[in-house]
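The block underneath contains the structure these notes are about, expressed in structure tokens.
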Number of protein chains: 2
Amino acid sequence: MSLREKKVAKRKKDLLMSAIAIIGEKGYHSTTMEEIASKLLMTKGSIYYYFKDKQDLVYQSQKILLEQSNENIEEVLSEDLPYDEKLKKVMVVHIEYLITEQSGFVMGTNPEQFFSGKQLETILMLRDRYGNYIKQLIAEGVKEGVFTEVDEKIVRNIILGAMNWVVTWYSPNGPMDKTTLAKSISNYLLKIVLK
Amino acid sequence: MSLREKKVAKRKKDLLMSAIAIIGEKGYHSTTMEEIASKLLMTKGSIYYYFKDKQDLVYQSQKILLEQSNENIEEVLSEDLPYDEKLKKVMVVHIEYLITEQSGFVMGTNPEQFFSGKQLETILMLRDRYGNYIKQLIAEGVKEGVFTEVDEKIVRNIILGAMNWVVTWYSPNGPMDKTTLAKSISNYLLKIVLK
DNA sequence: CAATTTTTTGAACATATATTCAAAAATAAA
DNA sequence: TTTATTTTTGAATATATGTTCAAAAAATTG
């Protein structure tokens, strides 16, 4: 990749990150192209040099978040750990990533509201993949006798909800740093599946 | 109240309910005055006979939801039940109400995004009140030895998150009716606080 | 039924913001 | 330095939707 191409790639990524941050804070509709641009000292017109339109920018930003989430969980799943510790680590990583990116967005609402067609398909596929990893992990833990019998789908959704909700109440000024908080939440949630 | 006043009151309530339903589905910004009105076979102009503006209508609709939630929980809290059963009933009622109204809205995002000033104050107050009831209930259960020692705030937020998340995945076509589902979720969540 | 009051309508208006685009500026190449 | 290419700008445009309002319709009253 030439220097120029790298610069363009960086600019794109900067815009995606800016979009993620502002959408995480204000939501899709309240986030204007002007805000996304001005965070990088650009004007909104420039965005259209890098992205087709707002929809395209938002879609790509959300896709990145989900892809990264999937990579995160795949990394943890590949580790050689007992089921309880593995599930706990999955949760800690999820919560930490959520807090870091302040990305309560795609995860936090029905994507049907924002996407359609091929875009929606991709987003749903990525979400499903993520959800299935957790469901699978629970099911295996049950099968191996580490976890108690549970409805994996319901418990999976309980866990996802409790975790994703964090973005609505976490404050960096609170008494716990994000890792301590993530561990604490994970411990409580683990009690649902432990025997 | 005269017949006419009753009619006006009913029309207002119909509009609030229409707003709640559509906002629950599409979110604040994607919900248009036209949609809210057309659901009642009216035109958007008429809304302004009953409400000052969109902000006013939305604020009042969300206030109603929170007030009703508080009434629901107050009713349950006043019953004479053991702490574990009481907490469980609180959860079941919450989830059932959520599903019935499809109201993942105020509960589901930071109200700072939509309200300010006196309106925001009221919304936050109502939310706090609700959250405090649950925190209190947990604290009492711990004090009386029915529940295990936990950080009441964190556990409260875990429970709220898991419950509120339901609106994102519940489907009326699923295998469980809403009461069965609510009971199931509540049982799992109860395990967090039980000894 | 006629007169009065309430309610609804739908077109006109206001506003916010996404998008376009020709020109300018910045950067790279020759 | 000159020329060519890439990137940014900012004003103009398009569009969607909230809001207003005078007139029409409906409901109520006497």
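Below, chains carry the letters A, B, ... as their sequence lines are ordered, and counting in each starts from 1.
- Per the geometry, NZ belonging to B:K44 stands 11 Å off C1' belonging to D:dT20, to the nearest Å.
- A:Q113 and B:S30 share no side-chain donor-acceptor pair at under 3.5 Å.
- Side chain of A:T32, nearest nucleotide from D:dT9, D:dT7, C:dA18: C:dA18.
- Comparing D:dT6, C:dG10, C:dT19 by their nearest atom to the side chain of A:Y49 picks out D:dT6.
- Atoms CE (A:M42) and P (C:dA25) sit 17 Å apart, rounded to a whole Å.
- Atom OH in B:Y28 sits roughly 9 Å away from atom P in D:dG18 (whole-Å rounding).
- Between B:T31 and A:K7, the one whose closest nucleotide on DNA chain D sits nearer the 5' end is A:K7.
- Between A:I36 atom CD1 and C:dA18 atom P the separation is 8 Å, expressed in whole Å.
- Residue A:S30 is the one, among A:S30 and A:K52, whose nearest nucleotide of DNA chain C lies closer to the 5' end (criterion: closest heavy atom).
- The CG atom of B:L40 sits 10 Å away from the P atom of C:dT8 (whole-angstrom rounding).
- One interatomic measurement links the two molecules: NE2 of A:H29 to P of D:dG18, which rounds to 11 Å at whole-angstrom precision.
- One interatomic measurement links the two molecules: CD1 of A:I23 to C1' of C:dT17, which rounds to 15 Å at whole-angstrom precision.
- Contact annotation: A:R11 reaches the phosphate of D:dT8 (side-chain N/O to OP1 or OP2, under 4.0 Å).
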Test A:T180 against A:D177 for side chain to side chain donor-acceptor pair (under 3.5 Å), laying out the working first.
CA-CA 6 Å; A:T180 312; A:D177 67 293; 2.3 Å; yes
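- A donor and an acceptor atom, one from each side chain of A:Q55 and A:Y28, are located under 3.5 Å apart.
- As a whole-Å value, the separation of B:E5 CD from C:dT7 P is 10 Å.
- Residue B:S46 has no polar side-chain atom (N or O) positioned under 4.0 Å from OP1 or OP2 of C:dT8.
- The existence of a salt bridge linking A:K26 and A:E35 is confirmed by a sub-4.0 Å separation between a basic side-chain nitrogen and an acidic carboxylate oxygen.
- Nucleic acid contact class of A:F51 (heavy atoms, under 4.0 Å, all strands): none.
- For D:dT8, the OP1/OP2 oxygens have a side-chain nitrogen or oxygen of A:Y50 closer than 4.0 Å.
- One finds no side-chain N or O of B:Y48 lying less than 4.0 angstrom from the OP1 or OP2 phosphate oxygen of D:dT20.
- Side chain of B:Y188 to main chain of A:I154: no donor-acceptor pair is present (N/O by atom type, distance under 3.5 Å, no hydrogens or angles).
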